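As the structure is a prediction and not an experimental result, all values here were calculated from the model. Chain letters run A, B, ... following the sequence lines, proteins first, then strands; residues in each count from 1.
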Amino acid sequence: MRLQFPLLLCLIAGVFMAVQYFVPAFLPYYNRVMDYIQIVSAFSIVLGVASVVHRHLGRMRRRGREAKRHPDWPYSLAAVAGMLGMMLAGFIGGRGQESIFQQLFNSILLPVQATMFALLAFYLASAAFRSFRTRSVDATVLLSAAVIVMIGRLDDLGRLGIPDVAHWILDGPNLVSKRAIVIGVGLGMASTALKVVLGIERSYLGSGKE
Amino acid sequence: MRGDRHGPRRARRALLTLTLLLLATAPASSALGPATNLTVRDRPLDAGEVLKVSFGRAAGDSLGHTGVARYELWRQGPGATAFDSVRSFSATQKLPTFSFDDTGLKPGRPYRYVVRTVGDDGQTAETPPSAPVAPQRQWFFTNKVNTLIATLIFVALILAYLRAARQGKKLFIRRIAGLDAIDEAVGRCTEMGRPTLYVPGISTISDVATIASLNILGQVAKKIASYQARIIVPNRDPIVYPVTQDVVKEGFLEAGYPHNYREDDVYFVTTDQFAYTAAVCGTMVREKPGANLLLGMFYAESLILAETGASVGAIQIAGTDAVTQLPFFVTACDYTIIGEELYAASAYIGREPTLLGSLKGQDVYKMICIAVIVLGVLTSTIGLLFTGEAWDGFNQLVRVRGAGG
Amino acid sequence: MILSWLAHGILKLDRRIIYTFLFLCVTLPFYVDWPHIEVEVSKEVEDAFQVIDQIPPHGNPLVVSFDYDPASAAELTPMAVAVLRHAFSKGIRVMAISLQPTGQGAGIATEVLPRIAAEYGRQQNVDWAFLGFQPNATVAMLQMGESIRKTFPVDYYDTPIEQIPMLESVQNYEQIPAVFTIASTAVGEFWAVYPGMRYGITVLAGLTAVYTADIQPFYQSGQIKGILGGLKGAAEYEARIGKPGDGLAGMRSQKVVHYMIIVFIVLGNFAFFYTQRRTS
Amino acid sequence: MGGAAGAAGWTILGGLITLAIFSFLYRDNPLYKLAEHVAVGVSVGFIVVNYYYNVFKPKVWDNVLYNGQYDYLLPLILGVLLFTRFVPKWGWLSRWSLAFLLGAGSGLAIPATLESRVLQQMEGAIRPLFQLGGGTGTNILQSANAIFLFVGTIACLVFFLFSVEHKGPVGRLAYFGRLCIMAGFGASFGYTVMARVSLLIGRVQFMTRDFVQEVVRIFS
C-alpha cells in the first residue's frame, strides 16, 4: 500500500499533464493543477532549507559518550545566526532597495558566491599550463578550435580572417554537434520522464519497502 | 489706438480663427462619441470559457488627451436582461485600441456586450449592444497534430522495447570504444603494480549518470580483482557510498578473490563539493594511482580533479553527460566517453532491462529522425532545382506551431 | 640547453606564480589604458537590439526575467543594465520578474532596476514594475500564458497587481511584445522550450558565455530570436546603444587574459612534448 | 548608519568578505570557512522570506482564507507531508508529495521536450543543399556550407547511434561526427574561458573601483 498508491497518484498526474497538452477543454483543470504544483514545489524549497538548518543544528548539539560537539560547530552557529539575522531583517525591515535585508544580500551573499566562482578562473589558468595537452586527435581538434574561437572574439585580427573562421566554427561544426546533443538529450529526458510516470523508474521514492 | 482702418476687421478675423481653433481642439463635449468598432469573438482552441472583446477609442479621443475619463465594459449574461459591469479602462493609457479576455463564462451560452464612454464631466455615451456570441469548447489543439503523432510513436517504441528487454529478447548494443580504453588503462596500471582510482561522479543515486557509473564500476572491480590489484573508490554521496561497497565486494567475489577486498579502500569523504575535491586530489598525490577513472556526473570541480590526475602521471579515462565539463575532460584525459555513450556502456555491461529497453527505443526513434531529415533535405533540394522554390513539405511536417491567438 | 631548462621549469612552475600572473593580467588594464579594443556588433546581438527597438514606447511592457544568481552576476548584470538603459531611454516599459530556482535573482533585480530607472527618471509602477520571484520556473512560465495576475498576485513590494497602473491591460503573453531572459542555467532554454512552443512568444536570451555555444541550435531554428553571449555580448550591446558600461570596461582585461591563456596552452604543450620526446 | 556612511560600511564589508574567499587560493583557512557558512545562512534566510511573501501568503494563505478556494488545502497537505522525511517512522508519507510533483512534472515534460528539442530541431536541419540566389561566388560558398551542415548533422546523430556497429562507411561517418563534436567542444571551451575570466574581472572591478575608494576615503 505504501508504494502502490503514490505510484498511482504519479501515473494519474503524469497522464493528465501529458494529455492536457493536446486538449483545450482541460485548460481550467490544467491551470488548477499548475497552481498545486507551484505550491508543493515551493514547500520542497523550504524542505531543502530545513535540511540545511537540521544539519547545522545537529552539528552544534552535544553528542556521543563524552557529549562532544562537532569540531566545526562555531561555523554552524555562524550559519544559523546568518539565517536568523536575514529573516529578521526581511520580515521586519521589508525588502526594498535600501532595506538591511537587501544590503545583507549585496554585501554578504553576493560577494561570497561571486568570488567562489571567480576562483575558477585561477584553476583554469593553472590547468591551461599543466593539463590541456594535444595528446590525442580529439584534443588537437578541440584545442585548435578553442584557440581560433578565442582569438576570433578579440576582433582585431579581422585582416587575417580569423573572426570569420571563428564564426563559422560556431555556425558550422558547433551547430551540428550541439543539435545532435540537444536531440539526444531530448529523447533521453522524454524517456526518463515516461519511465517516471509509468512507475518503472522509482528511485526517487527511496530504496526498500519500509 | 484705432489708427488703423483695418484694425477692427483684422481683430474680428483673429477672434474668429481663434474660436475655430479652440473648437477644433476642444472635445465636442456635448456630443461624446461612443467607442468604435466593438468586436467580440470566441478564443480559438480553448475550453469555451473565454470571449475576446476589443474596441477602439471614441471619435475625437486621440490617445487619452481629451475629455474622456474611462471606458466601461458591460456584459449581459445568458437569460439575463440587465447588463452588469465587467471592467473599466482608464483612457489615459497610451493604447490606440483596448482588448480584454473575459473569462469564467459558460460554454455554448450567448453573451452580449456594451461599452460605455464616460467623459471628464460625467457625460456618458454607449455603443449599441453587440450581437450575441457564445464561447465554444474545443476538444483538440488542431495545430498540435504532428506533436501528437511524434509523441505516440515515441511512447509506443519505448514501451515495446522495454517489454522486449524484460522478456530477455536479444537486443544488440554495440560495444563503445570507451570500454576498450578502460580495459587497456586498467591492464597497464596493474602491470605497473599501482592502484586504480575510481570516482563515481559527485551526484546522487537518482542521477542517470551515477547509475551508469555504478554498472561500469562492477565490471572494472571484477577485472582488477582478477589481476589481484587494488581499487580505491572515494564517495561524496552518503546513499551512493554503500552501493559502491556492495558492487566492489561482489566484483571481487565473482573474480574468485573475496579475501582481497580491502574494506577501507571504498570510503565516504564528505558532501561538500570543494572539500571532497581537495581530499581526492590528496589521495591522488599520496597513492599515485596508475589509472584514474572519472565516470558519472561532474560540475565545475572536474577541472581540478583532471589536472591533479594529469600531474601525477596517471592514465585518465573520463565519462560524463555534463556537456559543460566535457571540453575540459577531453583535453586533460587520455580518453573521454561522451554523454549518451556512458548510458550505452552501462547498458552493454549491465544488460539491465529498463536502461537497455529505453536506450534501444530512443535509438530506433533517432533512426526515424535521421530518415526524415534526409528525405526532407533531398525533397527540398529537388524542389529547388526543378521549380526554383525549395519544397517545404517536410518542414511543414515537423514545424511546431504555437497555440497563439 | 636553455630549451630543456625552460621545459622543465614550465612543468615545475608553482601554481601560485601562475595565479599572481593571472591577477596582474586582469588588474593592469584597469589602471593602464591598453590594449585598444573595438567591438563589432554581431548578428545575434543586432537581432536582439532590433526586436527591443521596435517595441512601442509607453505601451505594453517588455518582460525582463532575472534568471541568474550572484555567481554569474559579473557576466550577466552588465547585460541587464545595457538592455534596461536601451528600454528606458526610449520610454519602453519594463515588467521584471525572476524565475531563478533559489530566488536570488530577485535580490539582483531589486538593486539594478531602481538604479537604472532613476538615470532616466522612470517611475515605479508607471514605467517599470518588479513582480518578484516564483518557484518552479517551468510552471511559472506556462502559467503566465494563461494569466500573469494569477502567477504573480502581488509584486515584490507587496502591492497587489491590480493597483499597478502600467499593468492594467496586461493579461497574458498576447500583450507581451518580447521576453528577455538573462540566465545562467537551463532556465534560459526553458523559455524557448515551454512557453515559446505553446504560446509562440518572442524569446531573447542573455546568457553566460558557457551557454552561448550550446544555444546555437535554438537560435538557428528561430526558437530564440536574439542572443547576448557573455561579457562580449554585453560590450556589443553597450556599443550598439552608445552607452559604455562594465561590459566594455572589462573587455581590455578579457583580451589580455585570453592571449595569456593561449600562450600558457602553447607553452604547456611545448614543455610536455619536449620532455616526453626526451624520455621515450 | 546614515545613508552615505552606511553605504560605505556595506561596501567595505563586501570587500573584506571577497578577500576572505580569495584567501582560499593560498590555502583553506577559518576566515574562508566563516564567510562561506554565514553566506549559506543568509541565502537560506533569503529564500524563506521571499517564499513567504511571494508564494505562501498570496497563493496559499489568501486563497484559502479569503477567496474561499478550499481546494488549495490539497497542495498544502501534500506540501506539509514533505516534512515527514525528518521522522523515519512516517517518512514514507512524503512519497505522496514527491509522486505528485515528479509525476506531473514528467507528464508536462514529455510532449514539450519532444516538440522543442526534437521536432523543431529537425525542422532547423531541413534546408536545401544549394543556394541559387546570390552571385556565383557566394552560391558555391553557401552551398558547400549547406552540404557540410547536412552531412555533419547526420554524422553527429549517427555517432550517438548504438544499435549499428561503427564499421565501414558508418564508422567513417561516425568518426567525422566525432570530429565535429570535438570542434563544437572547442567552441564551448573558448567561450567557457571567457565566462570564467569575466567572473574574476567582475570581482576585480568591484575591489579596485568601490572597495579601494571607500578605504581611501576613510583614511584620508
Contact list (residues 136-150 of chain A to chain C, heavy-atom gap under 4.5 Å, by number) returns A/L143, A/V147, A/M150

Under 4.5 Å from a heavy atom of chain A, the part of C/S221 involved: both

dist C/Y156:OH -> A/Q97:CD (nearest 0.5 Å) comes out at 11.5 Å

Checking heavy atoms, do the side chain of C/E146, its backbone, both or neither come under 4.5 Å from chain A? side chain

Please output the residues of residues 54-61 of chain A in contact with chain C, using a heavy-atom cutoff of under 4.5 Å, in numerical order. none

Out of the candidates C/I261, C/I18, C/I265, C/V263, only one should pair with A/F129 under the side-chain contact (heavy atoms from CB on, under 4.5 Å) rule; please name it. C/I18

All heavy atoms of A/G96 vs all of C/Y157, minimum pair found to be CA-CE2, 4.1 Å

Could you tell me which portion of A/F101 (side chain, backbone, both or neither) has an atom closer than 4.5 angstrom to a non-hydrogen atom of chain C? side chain

Region of C/A74 in contact with chain A, defined by heavy-atom distances below 4.5 Å: neither

Which bit of A/L27 comes within less than 4.5 Å of chain C, counting heavy atoms only: side chain, backbone, both or neither? side chain

If I take atom CE from residue A/M34 and atom OG1 from residue C/T151, how far apart are they, to the nearest 0.5 angstrom? 8.5 Å

Who wins among C/V193, C/V266, C/I108, C/L267 for the most heavy-atom pairs under 4.5 Å with chain A? C/I108

Using a cut-off of under 4.5 Å on heavy-atom pairs, state which of C/A271, C/P114, C/A106, C/G107 scores highest against chain A. C/G107

C/Q104 vs A/L110 side-chain heavy atoms within contact, under 4.5 Å: no

Looking at A/A42, A/P111, A/A128, A/A114, which makes the most heavy-atom pairs under 4.5 Å with chain C? A/A128

Would you verify whether the NZ or CZ of C/R198 falls within 45 degrees of the ring axis of A/Y30 while also being under 6.0 Å from that six-membered ring's centre? yes

Backbone of A/S126 reached by a side-chain donor or acceptor of C/R15 within 3.5 Å: no

Heavy-atom count around C/F270 CZ within 6.0 Å, excluding the residue itself: above 12? yes

To the nearest 0.5 Å, tell me how far A/I181 CD1 sits from C/D214 CG. 7.5 Å

Is there a donor-acceptor pair under 3.5 Å between the side chain of A/N31 and the backbone N or O of C/Q143? no

Need one label for C/E75: side chain, backbone, both or neither, based on atoms under 4.5 Å from any heavy atom in chain A. neither

Among residues 171-180 of chain A, residues within the sub-4.5 Å heavy-atom range of chain C, in order of number, are A/D171, A/N174, A/L175, A/K178, A/R179

Minimal non-hydrogen separation, A/Q113 against C/A71, with atom names: OE1-N, 3.3 Å

Any residues in residues 116-125 of chain A near chain C, with a heavy-atom distance under 4.5 Å, and which are they? A/F117, A/A121, A/F122, A/Y123, A/L124, A/A125

Point-to-point distance, once rounded to the nearest 0.5 Å, from CG of C/N136 to CD1 of A/I37: 7.0 Å

Let me confirm one number: the OG1-CZ distance from C/T110 to A/R95, rounded to the nearest 0.5 Å. 8.0 Å

Top contributor to chain A contacts, counting heavy-atom pairs under 4.5 Å, from C/G268, C/S42, C/G132, C/P217: C/P217

Exceeds 12 heavy-atom contacts within 6.0 angstrom, atom CZ of C/F23: no

